[in-house]
Number of protein chains: 2
Amino acid sequence: MKIQNDGNIDFALILAKKGVSKTKFRIHLLELFYNKRSLSVKEVMNKSSNLINKVTIYRALECFEEKGLIHKVPSINNIIRYSLCNSDECIGSLHKHNHGHFICNNCNQTFCLENYKSPDIKDIEGFYINSLNLILEGYCKDCHLN
Amino acid sequence: MKIQNDGNIDFALILAKKGVSKTKFRIHLLELFYNKRSLSVKEVMNKSSNLINKVTIYRALECFEEKGLIHKVPSINNIIRYSLCNSDECIGSLHKHNHGHFICNNCNQTFCLENYKSPDIKDIEGFYINSLNLILEGYCKDCHLN
DNA sequence: AAAATAACGCAATTTTGTTGCGTTTATTTC
DNA sequence: GAAATAAACGCAACAAAATTGCGTTATTTT
């Protein structure tokens with residue numbers, strides 16, 4: 001994925017293309033994901049104004065997921081976590097995101113590992129696969145040092 | 001993994017070898033995992049006597065994980081889920097479980113996919129990997145039909 | 001068997017996520 | 001561009017999931 005995060009991205013336009021209402025918060029939310037790629041609900045809360053209600057955050061994330069902007073990343077911390085979709089992989093609510101994700105067990109940040117792909121599993125007898133995730137956990141550079 | 005689930009497994013002995021106290025409930029819990037391989041907290045509750053307190057369940061699962069008997073399986077439903085460790089893969093709290101897991105989005109059952117392995121990722125610059133999980137989600141045979 | 005240690009149960013609390021409904025904001029239609 | 005429609009928002013209340021402290025009971029060690 002090539003993200004040109006040079007401050008010239010028209011987030012409102014991206015929302016419009018995906019059929020998402022262009023409210024102040026949702027533009028802000030999309031910007032957050034373009035900056036950090038992967039966020040938990042808590043991180044979104046911390047990075048949003050205190051004036052934004054948590055219900056609004058949950059509903060916006062749900063909407064973004066349905067419209068193909070972000071996808072859930074599995075985790076063992078029983079925390080909902082989302083990552084920005086690759087526009088060439090995800091269309092609408094059909095999410096195909098075969099790159100790995102690394103989750104730091106200390107700071108809880110999630111990192112997209114573009115170079116590490118999930119194996120290409122097509123069909124397994126008796127299982128109807130909707131999503132496939134390669135999840136790595138441990139400590140990121142910063143947390144390993146401390 | 002070869003599990004000889006023929007009713008002749010000495011669960012108490014396994015607990016003793018791992019340094020886990022041999023209480024009635026913990027013997028029962030280990031048996032559950034040998035029977036089903038993968039369980040959420042809720043499933044453990046349902047399969048245990050109503051007399052067992054949920055706190056006991058949480059603490060026993062935590063203990064089993066620390067002693068290398070079971071490991072957490074990531075999921076997008078933010079539900080804590082555990083799988084039996086392969087004795088040849090996991091030693092103590094060092095969990096290496098490179099087989100995939102399939103989680104049914106309807107019945108929430110988890111299935112170990114012994115034949116589907118995670119790619120063998122050793123080191124990634126800046127990341128210190130503790131565990132690696134290959135997570136598949138969708139519908140199992142039973143839930144797909146309904 | 002007694003002492004030490006670990007597990008257990010209970011109650012209370014915290015954290016996380018959800019639902020309903022009236023109000024505000026954005027989008028569509030004219 | 002204003003009115004009508006639809007969607008998003010905030011609030012309060014609720015529900016579910018997980019955690020903590022502490023006194024009691026069971027297990028392990030000596």
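Each chain gets a letter, A, B and so on, in the order the sequences are listed, and its residues count up from 1.
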Could you work out, with side chain to side chain contact (heavy atoms under 4.5 Å, CB included) as the rule, every residue matching [X], not counting sequence neighbours?
X	value
B/Glu31	B/Phe11, B/Asn35
B/Ala12	B/Asp10, B/Lys22, B/Ile27
B/Ile76	A/Lys72, A/Pro74, B/Glu137

What is the distance from CZ of A/Phe64 to C1' of D/dA7, rounded to the nearest Å? 14 Å
Mind checking what makes side chain to side chain donor-acceptor pair (under 3.5 Å) contact with [X], not counting sequence neighbours?
X	value
B/Thr110	B/Arg81
B/Ser21	none
A/Ser38	A/Ser83

Quick one: CD1 on A/Ile14 to CZ on A/Phe33, what's the gap to the nearest 0.5 Å? 13.5 Å
Chain B footprint on DNA chain C, 5' to 3' - any atom under 4.0 Å from a heavy atom: C/dA6 to C/dG17
For residues 49-61 of chain A, which residue pairs qualify under side chain to side chain donor-acceptor pair (under 3.5 Å), counting only residues two or more places apart or in two chains? none
Going by the rule ring-ring contact (aromatic ring centres under 6.0 Å, His included), which residues pair with A/Tyr82 if we only count those two or more places apart in sequence or in a different chain? none
The criterion is ring-ring contact (aromatic ring centres under 6.0 Å, His included); which residues satisfy it with A/Phe25, sequence neighbours excluded? none
Hey, what are the protein-to-nucleotides 11-18 of chain D N/O distances that come in under 3.5 Å?
{"from": "D/dA17", "atom 1": "OP1", "to": "B/Lys42", "atom 2": "NZ", "distance (Å)": "3.1"}
{"from": "D/dA18", "atom 1": "OP1", "to": "B/Ile80", "atom 2": "N", "distance (Å)": "3.4"}
{"from": "D/dA18", "atom 1": "OP2", "to": "B/Tyr58", "atom 2": "OH", "distance (Å)": "2.7"}
{"from": "D/dA18", "atom 1": "O5'", "to": "B/Tyr58", "atom 2": "OH", "distance (Å)": "3.3"}
{"from": "D/dA18", "atom 1": "N7", "to": "B/Lys54", "atom 2": "NZ", "distance (Å)": "3.4"}
{"from": "D/dA18", "atom 1": "N6", "to": "B/Lys54", "atom 2": "NZ", "distance (Å)": "3.0"}

Reading nucleotides 25-30 of chain D from the 5' end, what letters show protein touch, with B for base, S for backbone sugar-phosphate only, - for no heavy atom under 4.0 Å? --SS--
